[in-house]
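Heads up, the thing below is written out as structure tokens.
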There are 2 protein chains.
Amino acid sequence: MLEKSWLVLDAFRPTGGPLRLTDVAERCHLPKTTTFRLLTELAEIGAVARRENGYYLGRRLFELGCIVPLERDLRHAALPFMHDLYEATHETVHLGVRDGLDVVYVEKIRGQEAFALPSRVGGRLPLTCTGIGKALLAYSGPELIEEVLARPLRRLTPHSIVDPRRLEEAIGQIQAAGLAYEREEAQPGGACIAAPVFHEGAAVAALSVSVPLPRFHPTRLAPAVKAAALGISRALSRTI
Amino acid sequence: MLEKSWLVLDAFRPTGGPLRLTDVAERCHLPKTTTFRLLTELAEIGAVARRENGYYLGRRLFELGCIVPLERDLRHAALPFMHDLYEATHETVHLGVRDGLDVVYVEKIRGQEAFALPSRVGGRLPLTCTGIGKALLAYSGPELIEEVLARPLRRLTPHSIVDPRRLEEAIGQIQAAGLAYEREEAQPGGACIAAPVFHEGAAVAALSVSVPLPRFHPTRLAPAVKAAALGISRALSRTI
DNA sequence: GGTCGGAGTTCCGTGTCACGGAACGAATTG
DNA sequence: CAATTCGTTCCGTGACACGGAACTCCGACC
């Protein structure tokens, strides 16, 4: 019951709806009757909403999701610096943490003329395909790097790093520069520059600025990104 | 089972944790045994996380909460204007919608030196105590106003409006000015100015700038807020 | 050391209610 | 009108949620 109801909620990934009863049922491999009952109960509770054109994830889920203390201190410390960074660059700013072999984005500031990006707050992307991911990887210790190299590297675009040697090279450069660059490895036409955020000696998060390739001027962006990441690290150490 | 599990999740409001087993049990008025089983199952699922010092709301909830399409178009249209408004004022910017007799905040941009505010994305406050709430109320039709007036007005501070006559007056002024002001009605020492966002003739949301009272200069803020709200309204009409 | 209390956890018998197949009404299509 | 597809209702069966009792830990107090 409980587990099945969360299966139903997961069926709404990644769009949040709308889905029709039948869609949900077959995504979950559940009988229509059961799905119907679950959706009805979830709707009573407010976890999903039903409208004319189907079911959606509901407000109750939104409200609870907002208070998940996931990296709360981190986000609290980071947001002002992210806004400053956005103000300085007017480009999309991301904050991400590592979960397993993925990046999970926990904050995002998007510019008005921002181009379409595959990232989304709460969403995941492979560590090796993103600037934030590579920055985290480079500062997370050799065990993680080995674990990543142990399995085939995932690819999002033709430019994604899939050669283990190239990845090791890239990690070396990141460690030397204190910054990670990414060009069209996550999104055709997009590039980004990322810097790690440290707390108590560990890279707990990373910050990035994403830019359409034609506007990508690493030397101009680097100091701002580095300064913001440093600022967040300092703010973090003050909170504890 | 399903309903009880959501009771358990609600027990984490408004902080998200940490809570000990016993705390959750008595908040929910459930036997400890039952609570224990529910928390264990929820933890397996990822809806809550257990650490040394207690239970927290978990990552799964965060990820699902992020994709709730609640006002998604609205937020998407509004964010760039909110960033601009923040940039122009460097004060906290809110976007809220109405749910019943509450405001639900759906976006918030907070300045670095922002003072403590009772608002939180996903959180609720009474319509009548906030600038956003009053702006929504003033443009939501007489039925809602009557419904609000029918029951005793809630108060957050000594300055909250609790006299029905004063509320009606205030609504009149808001309708005349197209802007709602609020001084220490939600938070001692805080003031705000809010403007409604329209879509297809209805006030679907409202935008506000919150300022510490000493810095509150309505005449300087008003044009920016009004312009941003108008911009969002225009952007909304373009999306559909 | 002994005792108490309160925490988290395990066990298990009972009774309920979740389950899903069958069947139905409505709407759409051929 | 037959045929399909969708959402919904009904209902008998059996799994499993329920919660009281009991147990284990651990710290406080005397």
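Just so it is clear: chains get the letters A, B, ... in the order the sequence lines come, proteins before strands, and each one is counted from 1.
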Whole-Å gap separating P (D/dC26) and CG (B/Leu21): 17 Å

Side chain of A/Thr34 - closest among C/dA7, C/dG20, D/dC18: C/dG20

Whole-Å gap separating C1' (C/dA7) and CG (B/Leu39): 14 Å

Contact under 4.0 Å: B/Arg37 side-chain N or O vs D/dG20 OP1/OP2: no

Side chain of B/Phe36 (C-beta onward), nearest among C/dG20, C/dT10, C/dA7: C/dT10

Euclidean distance, atom CH2 of residue A/Trp6 to atom P of C/dA18 [Å, nearest integer]: 18 Å

Side-chain heavy atoms of B/Leu38 within contact of B/Leu7, under 4.5 Å: no

Spacing of B/Lys4 atom NZ relative to C/dT16 atom C1', expressed in whole Å: 11 Å

Side chain of A/Leu38 (C-beta onward), nearest among C/dA7, C/dC19, D/dT8: C/dC19

No-hydrogen, no-angle side-chain donor-acceptor test under 3.5 Å, A/Asp102 and A/Tyr105: no

Of the listed nucleotides C/dA7, C/dG21, D/dC6, the one nearest the side chain of A/Lys32: D/dC6

Interatomic distance, B/Glu26 CD vs C/dG8 C1' [rounded to whole Å]: 14 Å

A/Thr33, nearest nucleotide to its side chain (from C/dT10, C/dG21, D/dG7): C/dG21

Main-chain N/O of A/Val103 paired to A/Arg124 side chain as donor or acceptor, under 3.5 Å: no

A/Phe198 and A/Tyr139 aromatic ring geometry - parallel, tilted or perpendicular at 30°/60° bounds: perpendicular

A/Asn53 CG - C/dA27 P separation (whole Å): 18 Å

Distance test, side-chain N/O of A/Thr40 to OP1/OP2 of D/dT8, below 4.0 Å: no

Evaluation steps, side chain to side chain contact (heavy atoms under 4.5 Å, CB included), between B/Met82 and B/Leu207: CA-CA 8 Å; B/Met82 294 177 65; B/Leu207 184 75; 3.7 Å; yes

Whole-Å gap separating P (C/dT16) and CD (B/Glu3): 18 Å

Value in whole Å for how far the P atom of D/dC6 lies from CG of A/Leu19: 14 Å

A/Arg50 side chain, from C-beta outward: closest of C/dG21, D/dT8, C/dT9: D/dT8

